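Values reported hereafter were calculated over all heavy atoms of this structure, with side chains retained and with hydrogens, waters and symmetry mates removed. Numbered from 1 within each chain, the chains take letters A, B, ... in sequence-line order. Quantities reported herein were computed from a predicted structural model and do not represent experimental measurements.
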Amino acid sequence: MSMGCCESKCAGDITSEQWALVDEIIAKYKGQRGILIPCLHEVQEAVGYLPLEVQERVAAGLDVPLADVYSVVTFYALFSTTPIGKHQVGICMGTACYVRGGDKVLEKVEEVLGIKAGETTDDRLFSIQVMRCIGACGLGPVMTVDDDIYARIKPDRVAEVLAKYS
Amino acid sequence: MGDVTLTIDGRQVTVPEGTSVLEAAAQAGVNIPSLCYLKDINEIGSCRVCVVEIEGARALAASCVTPAANGMVVHTNTKRVREARRAVLELIISNHPFECLTCVRSGSCELQDLAEAMGIREIRFEGEKAQHAVDESTPSIVRDPDKCILCRRCVSVCEKVQGVSALGLAGRGFDSVVSPAAELPLNDVACALCGQCVLVCPTGALSEVDSTGAVWEALGDPSKHVVVQTAPAIRVALGEEFGAVPGSIVTGQMVAALRALGFDKVFDTNFTADLTILEEGNELLKRLSEGGKLPMITSCSPGWIKFIEHFYPDMLEHLSTCKSPQQMFGALAKTYYAEKAGIDPKDIFVVSIMPCTAKKFECTRPEMRSSGYQDVDAVLTTRELARMLREIGADPTELEPEEFDAPLGIGTGAAVIFGATGGVMEAALRTVYEVVTEKELESVDFTDVRGFEGIKEAEVDLDGTVVRVAVAHGLGNARKLLDMVKSGEASYEFIEIMACPGGCIGGGGQPIGTNTERRLERIEGIYEADKALPLRKSHENPAVKALYEEFLGEPLGEKSHELLHTHYTPRGRWHWSK
């Protein structure tokens, strides 16, 4: 079995405020057609990720089979079934960034944060995402933290950049 | 919508607008090989085996999803098409285990057939193969995702026909896998275990849990008295496994074949189907006269029962408390029959031949131990019985017909029609009418409840009291009907529901290749078999009458309550099946 089931069984970290928000979002979309993806998107923004409990709530609320919700969640890279950190660190592995040392940057980020790409630090502060080309090839290698873009980043600057976020 | 005319391999054909090139070709007498395509159910163009060349088009087109257009010129056997088709097949096979010799679907596998037809002798592509655990969590269905070719027929039939959506596609790209929601074991999701997915699976990715080993063992155990019961729908389907025309009635030959396997007694589920009518008919009359929960809904179909337990747990009171005929049989075999034959029930081994995968689950339900033992020990599907017969070289179509054993082998025409949608309703009406009116029916044929329409309705006049009835087959139709009842949009006194399209004759345990045409042919066989019997009303069954006199007392009596009636379990809608 792959991701999703075991982690999400213990998603006891969702607050009652977050659940209320989830229900509000579902209520807004309920009864409309073709709204599963935008609904999941908003729910993920509210909760931070989409554990199975949340997928179930969406499925029941929208009257959509859980199998369909799970199918969409696991298809799109946008959705995550594991918690996402407060700050999303993205490293571009598009061809241009890669040949300019993107892989070395990724290695360094993984080393500094002590996690692998796709994972989240235990304190939920950072998660690492590998991006395909983000269209900034002239600035490569590119690293992003949330909406901030770090152009021509060198591995030895990674720790210093990450230290700015708390 | 008008018609369009196109040319396929030089043949001109006119078809209604919206027809696919694949269907148009079939009408022109050109068979385009296909794999994922399943008419009306799965038309998604995912496998690309059915590609054709269309003049003026840059790329090859999947003919199953390409609408025929006026003036279109299609070629289905050019070098380009053949090469593409072979490449597609080789790619599919490159990610498929080479276990054909030991696969349950060897000989009935569409991928194997295609590889043979296309003359595939080597696979040019070597790469990683998907590896997933086999899911043996349910007592009914086994999933082996490594044999899955991602055609999604199972997903489509579960969603569109059954309205269950137990299966979906998870992941993306090479990691894609057809699985129950959240990649949970099938037993942990809301699955009816109806087995319609098994019927449409082109390969061995979905199959029934094999019980032939347990049955062989019991047959070989001299301390066991092994009795078998056969569901009504087997007699019009078993022949197909041996090349007979669909719908052929092979009742007597089936009995002979079961004796050849070594069963000590060959009985018939028809006996307890008749008994069900007496119990259920009286239950209906009681509910009508005493203001019980209405509409009352039949409870013979274990896939239907599991469905309502998952999806409409608030409606369980509508279900008849009658056990299914299979379970009534088991309970009586280890009590009434044991006593009569002077055999210790612990030494009796009850085997059922069922058109059904959900029956395998039903017999393991904790309620189904009224005799003090598991009432039915093993359930074989029609396919498993055919496999056992092939193993001993017995072809029922070549055997001389024989008779069932008495008394548990005696049944009426009313019991035979339990195998088709509307049959339980019709059998009940035949009895209820005569019990209430004390008049003999001029014609026993209630044709309003026959046929393949998804939801059928009728009104029956019982000497002034009009009873409104409805019949649904296929769980998608059951859902529609229940929603209508729930919303108050429709009102009935009595409803029959069977989980599978067409009823048991189209069950998930029936021969591979079951489709609408075959279902209709089997239904014809069922009504023919009914007509051919001297007794066609359950209350006229002499063995059932004797059962009441010697053992049960009266319908809905204390003994009946103990052995023949049951209760139901609300289940979660999504997962955590308990």
Side-chain angles (χ1 to χ4, degrees), chain A residues 1-12 14 19 22-23 26 30-31 33-34 36-37 40 43-44 47 49-83 93 116-118 129-132, chain B residues 44 46 130-137 143 145 150 152 154-192 197 307 310-313 475-476 479 483 486 572-577:
Chain A
M1 300 284 140
S2 73
M3 67 232 161
C5 34
C6 32
E7 290 93 332
S8 43
K9 266 183 204 162
C10 42
I14 300 169
W19 279 121
V22 169
D23 289 339
I26 293 169
K30 195 175 172 59
R33 286 183 63 83
L36 183 55
I37 292 172
L40 286 169
V43 168
Q44 177 162 289
V47 181
Y49 68 120
L50 296 168
L52 190 52
E53 270 85 347
V54 172
Q55 293 180 42
E56 272 193 63
R57 187 86 140 221
V58 171
L62 296 179
D63 204 15
V64 171
L66 182 60
D68 290 2
V69 174
Y70 187 80
S71 191
V72 167
V73 168
T74 55
F75 183 84
Y76 291 103
L78 164 76
F79 297 123
S80 173
T81 56
T82 49
M93 290 294 231
K116 292 281 173 200
Q129 190 190 8
V130 167
M131 303 180 296
R132 298 303 155 194
Chain B
I44 58 173
S46 79
Q131 287 194 319
H132 301 277
V134 176
D135 178 357
E136 296 176 292
S137 60
R143 292 175 49 245
L150 300 175
R152 292 186 241 180
C154 55
V155 175
S156 296
V157 84
C158 192
E159 179 193 331
K160 289 190 200 161
V161 178
Q162 297 299 69
V164 171
S165 290
L167 296 171
L169 203 70
R172 178 178 191 149
F174 184 75
D175 297 324
S176 301
V177 60
V178 168
S179 81
E183 294 175 71
L184 291 163
L186 190 58
N187 210 36
D188 286 357
V189 305
C191 166
C197 55
F307 175 86
H310 279 298
F311 293 100
Y312 296 86
L475 292 171
R479 194 185 269 282
D483 286 341
K486 229 177 157 172
R573 171 145 184 202
W574 302 112
H575 66 283
W576 326 134
S577 60

Between the main-chain N or O of Leu169(B) and the side-chain N or O of Ser71(A), is there a donor-acceptor pair closer than 3.5 Å?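 A pair under 3.5 Å: yes.
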
Please report the shortest heavy-atom distance between [X] and [Y], naming the atom on each side.
{"X": "Gly171(B)", "Y": "Thr74(A)", "answer": "N-OG1, 2.8 Å"}
{"X": "Tyr70(A)", "Y": "Glu183(B)", "answer": "OH-OE2, 2.5 Å"}
{"X": "Ser165(B)", "Y": "Ala67(A)", "answer": "O-CB, 3.5 Å"}

Which residues, numbered in order, of residues 155-164 of chain B come under 4.5 angstrom of chain A by heavy-atom distance?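 When heavy atoms of chain A are the reference, residues 155-164 of chain B contributes no residue within the under-4.5 Å range.
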
Is atom CZ of Phe174(B) surrounded by more than 12 heavy atoms (other residues, nucleotides or ligands) closer than 6.0 Å?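 Enclosed.
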
Got a sec, which residues hit salt bridge (Lys or Arg N to Asp or Glu O under 4.0 Å) with Arg57(A), two or more places apart in sequence or on another chain?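 With neighbours one apart ignored, the set is Asp23(A).
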
